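The next block holds one structure in the form of structure tokens; read it before the comments.
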Protein chains: 2
Amino acid sequence: MTVVPLRSRRSRTSPRRRAPEIIEAAARVFAQQGFHGATTQDIADVLGIRQASLYYYFPSKEGALELVCLQGVAGYFEVAKAIASAPGTAAEKLSRLIKSHLAPLTDRSDFVRVFLNERQHLPSESRRRIGKWSRGVERVFEDVVKEGVRRGEFRADLDTRLAVLAILGMANAAANWYRHEEVAIERISGEFARLVVDGVKKRRKPRSRGRRVPRPGR
Amino acid sequence: MTVVPLRSRRSRTSPRRRAPEIIEAAARVFAQQGFHGATTQDIADVLGIRQASLYYYFPSKEGALELVCLQGVAGYFEVAKAIASAPGTAAEKLSRLIKSHLAPLTDRSDFVRVFLNERQHLPSESRRRIGKWSRGVERVFEDVVKEGVRRGEFRADLDTRLAVLAILGMANAAANWYRHEEVAIERISGEFARLVVDGVKKRRKPRSRGRRVPRPGR
DNA sequence: GCGTTTATCTATAGCCCAATAGGTAGAATT
DNA sequence: AATTCTACCTATTGGGCTATAGATAAACGC
């Protein structure tokens, strides 16, 4: 009796095939000009289509921003958690966290920059959702740092909260000056990780250069 | 013969007495909503005056942005240079640079945030001028770091450019999460300076705790 | 007291911009 | 071949925003 919609049965080629391309254009424009500084016309110009045609792909300018932001961080939280719960010293884990934090810059720097700089302009609901995500990431970092302190690997007088904010600030800033022509991301993240762990100061007599595993316990 | 304007002679009370207040309101609104996200109406609302009245104090919205940005960094470059050329170890200078970099957050955080986040939206001429200023500050930092390497105080394998970008990224990020209720700026900058110099890792047997002066020369 | 300056106001011009409505050519499906 | 769907298009509405023009009241200086 009731007419079953045959929609799901037909059209094996999904609609909106260019959607990724459209979102990427939005990411580029938002990254360059900021959300409010960019117009939908600007995005359309990049793609060579009319401004109104964009609304076939996203419901609103804010909706486009949300799509871009989500793609900017997709999958990262899982990776971070995996690193934190894998074996290794706290210093090793922290290095890996920093590296995986910077890795998306190689192929998605526009998305990352938009997430970092423009997420504040999301409508309040999705902003809160994404704020929760951010705090989750901070939490993973802080747990690793605390672990390092607990195991006597890191300084006992470390303010773990401030240390995490410093590390994330340092790493996130890279999104704003990194241009993929110059230095490789691996180089940057390696240097950053080293800096966080060892600082700039020369150690006195690094006796055994190879082993880094600390004495366990306090 | 020619009529000398008596303007300069009269009115010892200079005009535009509220200008500082107006610029501060602009700074607050720009900091919160971003330059393009803010309207001149928003600024007027903060002050309780009409939107058009603002144009008695600044020539355009972009002009207001420029005034805010300039106040965000006024005097800082001179302080930085003075620190760099004063006596002391590189580590001490670097610590002082970081502290003086964060100091303006106590009483001018809105101005600093606008400078950091919105200066890209300045008209191209003043943007270039201010970009030059920024590079000057980076230069001061890098010179100190290089000095530390040269004197054998810092690691020889340090990438000084990346180190400076890391330090500034870390410090500048603080502008975006610091709210003056919570922690004192001195606390934050102290912790940051320590982190940059020593890293998170525990040193092995810090023998003489008091003296920090390194052996001079390589 | 009288001209002048200061600090606002009202009103509006003139853009620009997001978003909607409705149309259409061509490809895909049946 | 007929129908449906995809991926655009044109045209337009309606609102918001910066900036200007001109008026005015109060304060100031002589």
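Letters A, B, ... are given to chains in the order of the sequence lines, protein chains preceding strands, and every chain is numbered from 1. A quick note: this is a predicted structure, and the numbers were derived from the prediction, not measured.
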So what does Ala19(A) touch, heavy atoms closer than 4.0 Å: a base, only the sugar-phosphate, or nothing?
nothing
Are Phe192(B) and Lys99(B) packed together at the side-chain level, in the sense that at least one heavy-atom pair is separated by less than 4.5 angstrom?
no
Considering the options Arg127(B), Gln71(B), Arg129(B), Glu125(B), which one meets the side chain to side chain contact (heavy atoms under 4.5 Å, CB included) requirement together with Glu66(B)?
Arg129(B)
Along DNA chain D (nearest heavy atom to each residue), the more 5'-positioned of Gln51(A) and Tyr55(B)
Gln51(A)
Please work out if Thr40(B) contacts a base, only the sugar-phosphate, or nothing of the nucleic acid, heavy-atom cut-off 4.0 Å.
sugar-phosphate
Over how many whole Å does the gap from Leu65(B) atom CG to dT18(D) atom C1' extend?
15 Å
Examine dC9(D): is either OP1 or OP2 under 4.0 Å from a nitrogen or oxygen in the side chain of Ser53(A)? Give yes or no.
yes
Check every atom of dA19(D), dC9(D), dC9(C) against the side chain of Arg50(B) and return the nucleotide holding the closest atom.
dC9(C)
Under 4.0 Å: is that the gap between some side-chain N or O of Arg18(B) and OP1 or OP2 of dT6(C)?
no
Sugar-phosphate, base or nothing in reach of Thr39(B), heavy atoms under 4.0 Å:
sugar-phosphate
Quick one: Ile43(B) CD1 to dA19(D) P, roughly how many Å, whole number?
10 Å
Of the nucleotides dT10(D), dC9(C), dC8(D), which has the atom closest to the Tyr56(A) side chain?
dC8(D)
Rounded to the Å, how far apart are Tyr57(B) OH and dA19(D) P?
18 Å
Which of the following nucleotides, dA19(C), dT20(D), dA19(D), is nearest to the side chain of Lys61(B)?
dA19(D)
Ring-ring centroid check Phe141(B) His101(B), cutoff 6.0 Å:
yes
May I ask you to establish whether Arg18(A) and Tyr57(A) are in a cation-pi arrangement, using a distance under 6.0 Å from NZ or CZ to the six-membered ring centre and at most 45° from the ring axis?
no
Rounding to a whole Å, what distance do you find between Arg17(A):CZ and dT6(D):P?
10 Å
Considering only heavy side-chain atoms of Ala52(B), the closest of dT6(D), dT10(D), dA11(C) is dA11(C)
In whole angstroms, the gap separating C1' of dC17(C) from CD of Glu62(A) amounts to 14 Å
Take atom CD1 of Ile49(B) and atom P of dT24(D), then tell me their distance rounded to the nearest Å.
20 Å
Ring geometry between Trp133(B) and Phe115(B) (parallel below 30°, tilted from 30 to 60°, perpendicular above 60°):
perpendicular
Sugar-phosphate, base or nothing in reach of Ala64(A), heavy atoms under 4.0 Å
nothing
Separation of atom NE2 in His121(A) from atom C1' in dA18(C), rounded to whole Å:
17 Å
Report the distance from atom CG of Asp45(B) to atom C1' of dC9(C), rounded to the nearest whole Å.
15 Å
